Amino acid sequence: MDRRAALRSIATASLGVIAAPALLRNRYQLFAHTPAEYSARTIALMRESTVIDMLCQFAFDDFRTDNVPKALRWRRDPSSFTEADFAQFRDSGVNVLALGSGPANYDGMLRFFAEWNGFVASHSEWFTRIDEPRDLASIKRSGKVGILMTTQTSDHFRTADDVDTFYALGQRVSQLTYNMQSRTGAGFLENRDSGLTAFGQEIIARMEKVGMVVDLSHCADQTTLDALQIVTRPPVFTHASARTLLPECTRCKPDDALRLLADKGGVVGIPMIRFMIRPAPPVTVQHVADHVEHLIRLIGPEHVGVGSDLDMAGLANPMTKEPGIGAIANQPNFSRYNAYFAANGGAHVDGLDHPKRLFDLTEALVQRKHSDATIRLVLGGSFARVLSAVWK
């Protein structure tokens, strides 16, 4: 079967039937949830790339449809996760997703890792834990979805020896701080940016020794720069955008930090959080592509990836029965986000609140005439390089 016939086969399998005009234009409507059409090139790039989302939080609590949150039920009773549940993960086009969550204490994180390891082991026909470079190399052809055990805090490290403990449990990336001051450094919502602490320096050294990737996404500016100065292995911003395009959102990273990240061999993942992409609505995939292009021009495509900061369904935050932003805004200095929300209280980019959103981003980059090589790097090649280098 030639490439054109293979693409038609994929599209037909997704839709069941395709209108003749779409075939003649070499564009395909793949998904029932949207009338959007995708080019044959987009479909091929998604099919051929190892697609990595460096922050896809599996499933947020959604009390609009569930009295017992699915993610909690799935972890504590893996048998409740069905093949129908797996379908959205399988069909998303994402091959590896990084959990990027977890409690901010040692005991809670032990339980979190135990639950996730149990869940993945219970569904080994669908999921596999990503631990080393060969796992990344083989995940595409396995037909499974890779789970990358990551956290958005390092508060569970009581001493440097705990880094070894959690590495043994599967953790491969740790965010140095969350939003506030911790023993390692300052998050960007803290009143005063203290910079990297002595304990933070010790934790980074141990992470690099065992082969755990340092994530600086939520660190305040001085803490970010301090860490970037001392790292000896490529660090990451798993989910961060360019402050040049949103000067008043200090959660975004300034160009000097982005350049230093690239100098260290690191990668930044573009989020799909509306107020980290554009200061006001409307905010669409085209504005996400603007950030991608800015970063490609600034630091090169080999330093750019995706970290959507959504769950697989496309939620950016837990959802209550009534529209509203809930606990996400109940943090000191939250105004630094300059946040605004969709009508249902979600923080997603408009039109990307669905599992197949990486097709939309790929299509936007195709339309902007980026090369296949560049798009493959953004879809996962850049992060695969860094993960493999640090783990090795």
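All values derive from a computational prediction rather than experimental measurement.
Note on Leu379 and Ile270: same hydrophobic cluster, where clusters join Ile, Leu, Val, Met, Phe, Trp and Tyr whose side-chain heavy atoms are under 4.5 Å apart, directly or indirectly. Val390 and Tyr167 end up in different hydrophobic clusters when Ile, Leu, Val, Met, Phe, Trp and Tyr side chains are linked at under 4.5 Å. When the side chains of ILVMFWY residues are joined at heavy-atom separations under 4.5 Å, either directly or via intervening members, Val94 and Leu148 end up in two distinct hydrophobic clusters. There is a path of hydrophobic side-chain contacts, each under 4.5 Å, that joins Leu216 to Met207. Both Val214 and Met212 belong to a single network of hydrophobic side chains, linked directly or stepwise wherever heavy atoms of I, L, V, M, F, W or Y lie under 4.5 Å apart.
In this structure, the side chains of Asp255 and Arg243 stay at 4.5 Å or more apart for every pair of heavy atoms. Between Val96 and Asp135, the closest side-chain pair of non-hydrogen atoms is not below 4.5 Å. Contact annotation: the side chain of Asp353 never approaches that of Leu310 to less than 4.5 Å [non-hydrogen atoms, C-beta and beyond]. Taking 4.5 Å as the limit, every side-chain heavy atom of Leu260 sits out of range of all side-chain heavy atoms of Thr224. Considering only heavy atoms from C-beta on, Tyr178 comes within 4.5 Å of Gln331 through its side chain. You'll find the side chain of Asn117 reaches within 4.5 Å of the side chain of Met149, heavy atoms only. For the pair Met272 and Leu358, the minimum side-chain heavy-atom distance is below 4.5 Å. Taking the side chain as every heavy atom from C-beta outward, His239 and His218 approach each other to under 4.5 Å.
To the nearest 0.5 Å, the span separating OH on Tyr337 from CG on Leu189 amounts to 5.5 Å. Taking CZ of Arg278 as the start and CG of Leu245 as the end, the distance is 11.0 Å to the nearest 0.5 Å. In this structure, Asp53 CG and Thr238 OG1 are separated by 9.5 Å, a value rounded to the nearest 0.5 Å. Separating the CZ atom in Arg129 from the CD1 atom in Ile139 is a distance of 13.0 Å, to the nearest 0.5 Å. Note that OG1 of Thr150 is 6.0 Å distant from CE of Met54, once rounded to the nearest 0.5 Å. How far CZ of Arg376 is from OG of Ser382: 13.0 Å, rounded to the nearest 0.5 Å.
Listed for the Lys144 side chain is a donor-acceptor partner under 3.5 Å among the backbone atoms of Ser124. In this structure, Lys70 contributes its side chain and Ala59 its backbone to no donor-acceptor pair below 3.5 Å. Put simply, the side chain of Asp193 gets close to the backbone of Gln222: a donor and an acceptor are under 3.5 Å apart. Side-chain atoms of Ser39 do not come within 3.5 Å of backbone N or O of Arg27 as any donor-acceptor pair. Put simply, the side chain of Asp360 never gets that close to the backbone of Val285: no donor and acceptor are under 3.5 Å apart. Judged by distance alone, the side chain of Asp309 and the main-chain N or O of Pro271 form no donor-acceptor pair under 3.5 Å. Distance alone, capped at 3.5 Å, is enough to place a donor-acceptor pair between the Arg183 side chain and the Arg158 backbone. Side-chain atoms of His291 never come within 3.5 Å of backbone atoms of Val288 as a donor-acceptor pair (strictly under, hydrogens ignored). Side-chain atoms of Gln152 come within 3.5 Å of backbone atoms of Gly100 as a donor-acceptor pair (strictly under, hydrogens ignored).
Salt bridge annotation for Glu202-Arg206: absent, with no cationic side-chain nitrogen under 4.0 angstrom from a carboxylate oxygen.
For residues 208-220, no pair satisfies salt bridge (Lys or Arg N to Asp or Glu O under 4.0 Å), with sequence neighbours left out. For the ring pair (Phe, Tyr, Trp, His ring centres under 6.0 Å) condition, the pairs that include at least one residue of residues 359-392, sequence neighbours left out, are Phe31-Phe359, Tyr38-Phe359.
Side-chain atoms of His303 and Arg259 include no donor-acceptor pair closer than 3.5 Å. A donor atom on one side chain and an acceptor atom on the other are found under 3.5 Å apart for Asp85 and Thr82. Donor-acceptor pairing under 3.5 Å is lacking for the side chains of Gln286 and Asp290. In this model, no donor atom of one side chain and acceptor atom of the other lie less than 3.5 Å apart for Thr50 and Asn95. If you check the side chains of Glu190 and Asn333, you find no donor sitting under 3.5 Å from an acceptor.
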Report task. Might you work through the salt bridge (charged side-chain N to carboxylate O under 4.0 Å, His left out) test for Arg274 and Asp350, ending with a clear yes or no? Result -> CA-CA 8 Å; Arg274 59 200 295 113; Asp350 293 336; 2.8 Å; yes
Query raised in the report: Can Thr362 and Val51 be said to form a side-chain contact (heavy atoms from CB on, under 4.5 Å), step by step?
Result: CA-CA 11 Å; Thr362 301; Val51 180; over 6 Å; no
Report task. Any chance you could lay out the ring pair (Phe, Tyr, Trp, His ring centres under 6.0 Å) test for Phe89 and Trp126, step after step, and finish with the verdict? Result -> CA-CA 9 Å; Phe89 293 84; Trp126 297 329; 9.9 Å; no
Report task. Applying side-chain contact (heavy atoms from CB on, under 4.5 Å), run through His354 and His348 and close with a yes or a no. Result -> CA-CA 10 Å; His354 60 86; His348 56 273; over 6 Å; no
Requested in this report: In sequence, state the C-alpha distance, the side-chain angles, and the governing distance for Ile147 and Thr128, and then conclude on side-chain contact (heavy atoms from CB on, under 4.5 Å).
Outcome: CA-CA 6 Å; Ile147 301 294; Thr128 190; over 6 Å; no
Report task. Take Asp263 and Leu228, measure what side-chain contact (heavy atoms from CB on, under 4.5 Å) needs, and give me the verdict at the end. Result -> CA-CA 9 Å; Asp263 288 345; Leu228 289 172; over 6 Å; no
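In this structure Phe166 satisfies the ring pair (Phe, Tyr, Trp, His ring centres under 6.0 Å) test together with Tyr106, Phe113, His156, sequence neighbours excluded. Partners of Glu302 according to the salt bridge (charged side-chain N to carboxylate O under 4.0 Å, His left out) rule, which considers only residues two or more places apart in sequence or in another chain, do not exist here. With sequence neighbours excluded, the residues that form a side chain to side chain contact (heavy atoms under 4.5 Å, CB included) with Arg141 are Ser138. Applying the salt bridge (charged side-chain N to carboxylate O under 4.0 Å, His left out) rule to Arg90 yields no partners; only residues at least two apart in sequence or on another chain are considered.
Annotation for Glu132: atom CD counts as buried by contact number, over 12 foreign heavy atoms lying within 6.0 Å. Counted within 6.0 Å of CD on Glu125, heavy atoms from surrounding residues, nucleotides or ligands total more than 12; the atom is thus considered enclosed. Summarising the local packing, CZ of Arg73 is surrounded by more than 12 heavy atoms from other residues, nucleotides or ligands at distances under 6.0 Å.
None of Asp155, Thr153, Thr197 except one satisfies the side chain to side chain contact (heavy atoms under 4.5 Å, CB included) rule with Ser182; the exception is Asp155.
Ring to ring, Phe199 and Phe157 are not that close: their centroids are 6.0 angstrom or more apart.
Ring-plane geometry between His123 and Phe81 is classed as tilted, the angle between the planes lying from 30 to 60 degrees on a 0 to 90 degree scale. Ring orientation note: the planes of Phe119 and Phe127 are tilted relative to one another, at an angle of 30° to 60°.
For the pair Leu246 and Cys252, the tightest heavy-atom approach, listed with the atom from each and the gap, is CB-SG, 4.2 Å.
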